[in-house]
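Fair warning: this is a prediction, and the values are worked out from it, not measured in the lab.
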Amino acid sequence: AQAQAQAQAQAQAQAQSQAQENAHAQKQARAPTQAKAFQHNLHDLEAQCKVPEIVEGMRAYMHDARVQERACLALGTLANNTANRKAIAQAGGIEEIVTAMVAHQAAGMLSKCVSWVMGNIPAQVAVQQKACFALGMLANDNGAHQAQIARAGGIEQVLAAMAAHQMAVELQQEACWALRNLAADDSDSQFV
């Protein structure tokens, strides 16, 4: 009777473990679909100036390079006026842009070569480029944002992106523009 009870308990434990594994697998399978849905909705969020939702999506889908690229582009585009720049900074957008740069620093050399040969910009390069654009827009004529970007490590990440992707012309242009805007305030130019 005791052996039968142990066997039954073991079978129940295995069934429970299998159910947990299945639930985890289903959640993992939904994650790319959810990231694609968010990526699709980014245009609407940008059009409606829903900065907190964009920043929250960056946090939720940090490891999805395409989400990060499009979110950085959306924030950079929205940063064309003072009110939106303030909203982005208050929502933690500056820190999320820098975090995206860290999370998507560089692809392996083979991946880069295959992407370039096929005419595609590697996802990591696209994230870095759009992040530099966003940081440059946020730093434009705004000493407080320049200092916030410097404190978040943005200057170092822009320089790291330039060093890691020397052949990416558009990235280099966006990075130079971002550094120019970051250096425009005398108090932060010591870092540039």
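Between the CD atom in Gln166 and the CG atom in Leu171 there is a gap of 11.0 Å [rounded to 0.5 Å]. The line from CG of Asn142 to OG1 of Thr82 is 7.5 Å long, rounded to the nearest 0.5 Å. In this structure, the separation between OG1 on Thr99 and CD1 on Ile94 is 11.5 Å, given to the nearest 0.5 Å. From Ile88, atom CD1 reaches atom CZ of Arg85 across 8.5 Å, with rounding to the nearest 0.5 Å. The CG atom of Asn140 lies 12.5 Å from the CG atom of Leu135; values are rounded to the nearest 0.5 Å. Expressed to the nearest 0.5 Å, how far CD of Glu56 lies from CD of Glu53 amounts to 9.0 Å.
Counting only distance, with no hydrogens or angles, the side chain of Gln128 and the backbone of Met101 share a donor-acceptor pair below 3.5 Å. Between the side chain of Gln68 and the backbone N or O of Tyr61, at least one donor-acceptor pair lies under 3.5 Å. Listed for the Asn84 side chain is no donor-acceptor partner under 3.5 Å among the backbone atoms of Ala79. The main-chain N or O of Ala87 is never found under 3.5 Å from a side-chain atom of Gln90 such that the two would form a donor-acceptor pair. For the pair Gln172 (side chain) and His165 (backbone), a donor-acceptor distance under 3.5 Å is present. A donor-acceptor pair is defined here as one N or O able to donate and one able to accept, closer than 3.5 Å; such a pair exists between the side chain of His104 and the backbone of Met62.
When all heavy atoms of Ala152 and Val98 are compared, the pair lying nearest together is O-CG1, 3.2 Å. Nearest heavy atom pair, residue Arg59 against residue Ala91, reads NH2-O, 3.1 Å. Here the closest heavy-atom approach between residue Cys132 and residue Ala178 is recorded as O-CB, 3.5 Å. Minimum interatomic distance between Glu96 and Val55 (heavy atoms only, all atoms of both residues): CG-CG1, 3.7 Å. Taking each heavy atom of Gln146 and Asp141 in turn, the nearest pair found is NE2-N, 4.3 Å. Ala100 and Met58 make their closest contact through CB-CE, 4.2 Å (heavy atoms, listed as atom of the first residue, atom of the second, distance).
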> Taking it one step at a time, do Asn181 and Leu138 satisfy side-chain contact (heavy atoms from CB on, under 4.5 Å)?
Replying inline: CA-CA 9 Å; Asn181 286 348; Leu138 288 160; over 6 Å; no
>> I'd like to know whether Glu95 forms a side-chain contact (heavy atoms from CB on, under 4.5 Å) with Gln148, so could you lay out the CA-CA distance, the side-chain angles of the two residues, the decisive distance to 0.1 Å, and finally the verdict.
In response: CA-CA 8 Å; Glu95 292 77 11; Gln148 190 175 352; 3.0 Å; yes
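Side-chain contact between Val125 and Pro122 is present, with at least one heavy-atom pair separated by less than 4.5 Å. Side-chain contact between Ile149 and Val158 is absent, with no heavy atoms from C-beta onward closer than 4.5 Å.
No continuous path of hydrophobic side-chain contacts links Leu78 to Val127 [ILVMFWY only; heavy atoms under 4.5 Å]. Each of Val102 and Phe133 belongs to its own hydrophobic cluster when Ile, Leu, Val, Met, Phe, Trp and Tyr are linked at side-chain heavy-atom distances under 4.5 angstrom.
Side-chain contact annotation: Gln173 with Gln129, donor-acceptor N/O pair under 3.5 Å absent.
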